[in-house]
Amino acid sequence: MPELPEVQTVLDGLSEVLTNRVLTGLECYYPGTVIVDPLLPDEAFPARVKETIRRGKYMILHLDSGAGLIIHLRMTGKLVYEPDPREPHKHERARILLEGGDAVRFIDPRTFGKITLFASANLSRFMPALGPEPLSKAFDAQYLSGLIAHRSAPIKNLLLDQRIVAGLGNIYVCELLYRARVQPQREGRKVSAPEIRRIVNHTKDVLQEALEVGGTSISDYRRIDDKSGEFQHFLRVYQKLECPKGHPLGNLRLGGRSSFYCPVCQK
DNA sequence: CAATGATCCTGTCCGC
DNA sequence: TGCGGACAGGATCATT
């Protein structure tokens, strides 16, 4: 669920919590959630956060000890700052310990999320090859065209491929394709130049809008009550029955994921 | 190399 | 009230 805007929002909150704080350790409560670089220096902790970076859906924290953390929330991961926490929460898979007894809990019911503790020099060994940031200038129509012109896979699958562009997930891809008026199942090679331009532009627009409302645009739809609302007004097709113009939506399964689209507005 | 499908995992929801 | 099954989806791995 967390896609680029949500990850950025979480990272901003995490940076705020960790500023000027001393990290004293990282605990793991579920096998596999924490991955430790074999070459990690012994003096990884204590350390302060020197820099925080988002790359696609990955959060990277560089520490002043020569170590760093990569945090990936996958689908259900959450970071919760907890002053003076006691027993690990039911779904707490790991915990970042802070000097003074506070902690940041990594809560992840479905256990897909990961925290990697790495030696700074080895960052690249723990990061996959990712395409450009969708909001950067590198992600433009010419770039995208070059990567999809010969592809027969559905445009939606291509946009979900993090090697092509880093940070999009199922929900925003459904939304941006609606805005770009292109059906998700269209083969990459059959997407015209004007359509590619619209896809690129609407990718940037939808992400920018979501960032401006603090990434609350998608979130857990089951927790509507907790979040007062930006996202009900944000989504136009995802998990909807009809598009804003009142046309009944189609729902295809592409790459194993539900794909909402409007058969009338999208060609 | 490209495309597709299975896999990991648990909470939620629906129908009976 | 409880049960089984479908579903949710990011990334990786296996298969064709």
Side-chain angles (χ1 to χ4, degrees), chain A residues 1-11 28-35 54-60 70-80 88-94 105-116 125-131 133-134 144 146-177 184-191 207 210 215 217-227 231 235 237-241 249-261:
Chain A
M1 302 252 193
E3 304 179 31
L4 186 153
E6 291 71 35
V7 173
Q8 184 66 57
T9 301
V10 170
L11 181 59
C28 181
Y29 310 122
Y30 184 88
T33 294
V34 170
I35 297 162
R54 181 194 54 72
R55 182 75 179 92
K57 300 172 196 168
Y58 295 79
M59 293 178 271
I60 304 169
I70 301 169
I71 304 173
H72 199 304
L73 304 172
R74 292 284 189 107
M75 272 133 19
T76 55
K78 292 178 177 59
L79 293 172
V80 181
H89 176 282
K90 182 181 178 190
H91 294 130
E92 188 173 353
R93 308 305 181 188
R105 292 173 144 158
F106 184 66
I107 308 222
D108 184 19
R110 289 170 69 181
T111 72
F112 290 172
K114 297 273 182 275
I115 300 181
T116 303
R125 298 210 297 117
F126 293 95
M127 283 291 291
L130 296 175
E133 287 290 320
L144 185 59
L147 283 187
I148 70 174
H150 312 289
R151 304 287 298 268
S152 63
I155 182 64
K156 177 173 183 245
N157 297 28
L158 297 170
L159 292 170
L160 285 172
D161 186 339
Q162 304 298 299
R163 295 168 299 186
I164 292 178
V165 58
L168 300 178
N170 195 43
I171 297 169
Y172 287 116
V173 170
C174 287
E175 292 296 314
L176 76 88
L177 285 174
Q185 71 272 34
R186 281 272 296 286
E187 290 184 31
R189 60 190 174 196
K190 293 185 179 171
V191 180
L207 292 177
S217 49
I218 57 172
S219 285
D220 231 350
Y221 64 90
R222 295 186 190 88
R223 293 178 65 189
I224 281 175
D225 297 331
D226 297 342
K227 319 219 172 202
F231 70 90
L235 300 179
V237 290
Y238 187 76
Q239 286 187 337
K240 304 271 184 199
L241 295 177
L249 294 182
N251 186 357
L252 291 169
R253 283 195 86 75
L254 294 174
R257 269 159 250 158
S258 64
S259 310
F260 295 83
Y261 72 103

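In what follows, chains carry the letters A, B, and so on, assigned in the order in which the sequence lines appear, proteins first and then strands, with residues in each chain numbered from 1. For clarity, every value in this text was computed on a predicted model and none was experimentally measured.
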Listed nucleotide nearest any side-chain atom of A:H91, set C:dG10, B:dT10, B:dA3: B:dT10
A:E133: partners by side-chain hydrogen bond (donor to acceptor under 3.5 Å, both in side chains), with sequence neighbours left out: A:R54, A:R55
Residues in ring pair (Phe, Tyr, Trp, His ring centres under 6.0 Å) contact with A:H72, at least two apart in sequence or another chain: A:Y58
A:E3 side chain to A:I171 backbone, donor-acceptor under 3.5 Å: yes
Between the protein and nucleotides 11-15 of chain C, are there any N/O to N/O pairs under 3.5 Å, and if so, what are the atom names and distances?
from	atom 1	to	atom 2	distance (Å)
C:dA11	OP1	A:H72	NE2	2.7
C:dA11	OP2	A:K57	NZ	3.1
C:dA11	OP2	A:Q162	NE2	3.3

Between P of B:dC9 and CG of A:D108, the distance in whole Å: 12 Å
Integer-rounded Å distance: B:dA3 C1' and A:D161 CG: 11 Å
Axial bend angle, the helix from B:dA2-C:dT16 to B:dC16-C:dG2: five-pair end segments, nearest 10°: 50°
d(NE2, A:H89; P, B:dT10) in whole Å: 15 Å
Touch class at under 4.0 angstrom, heavy-atom based, for A:K114 against every strand present: nothing
Partner residues of A:R151 under the salt bridge (charged side-chain N to carboxylate O under 4.0 Å, His left out) criterion, sequence neighbours left out: none
Whole angstrom value for the distance that separates P of B:dT10 from CZ of A:F112: 9 Å
A:F106 backbone acceptor or donor facing A:K78 side chain under 3.5 Å: no
Distance in Å, A:N157 CG paired with A:Q185 CD, rounded so as to fall on 0.5 Å steps: 10.5 Å
Touch class at under 4.0 angstrom, heavy-atom based, for A:R163 against every strand present: nothing
Residue list, side-chain contact (heavy atoms from CB on, under 4.5 Å) with A:S258, at least two apart or on another chain: A:N170, A:N251, A:R253, A:F260
A:E187 CD to B:dA2 P, straight-line distance once rounded to whole Å: 15 Å
Proximity to the side chain of A:R151 - top-ranked nucleotide from C:dA8, B:dA3, B:dT4: B:dA3
side-chain hydrogen bond (donor to acceptor under 3.5 Å, both in side chains) against A:R257, all qualifying residues, sequence neighbours excluded: none
Proximity to the side chain of A:N157 - top-ranked nucleotide from B:dT4, C:dG10, B:dT10: B:dT4
side-chain contact (heavy atoms from CB on, under 4.5 Å) against A:V10, all qualifying residues, sequence neighbours excluded: A:M59, A:L73, A:L79
Length of the CG-C1' vector between A:L158 and B:dT4, whole Å: 13 Å
Length of the line joining A:R189:CZ and B:dA2:P, which is rounded to integer Å: 13 Å
side-chain contact (heavy atoms from CB on, under 4.5 Å) partners for A:Y30, two or more places apart: A:T33, A:R93, A:T111
Euclidean distance, atom CD1 of residue A:I171 to atom C1' of C:dC7 [Å, nearest integer]: 14 Å
A:K90, nearest nucleotide to its side chain (from B:dG11, B:dC9, B:dT4): B:dG11
A:T76 vs B:dC9: side-chain N/O to OP1/OP2 distance below 4.0 Å: no
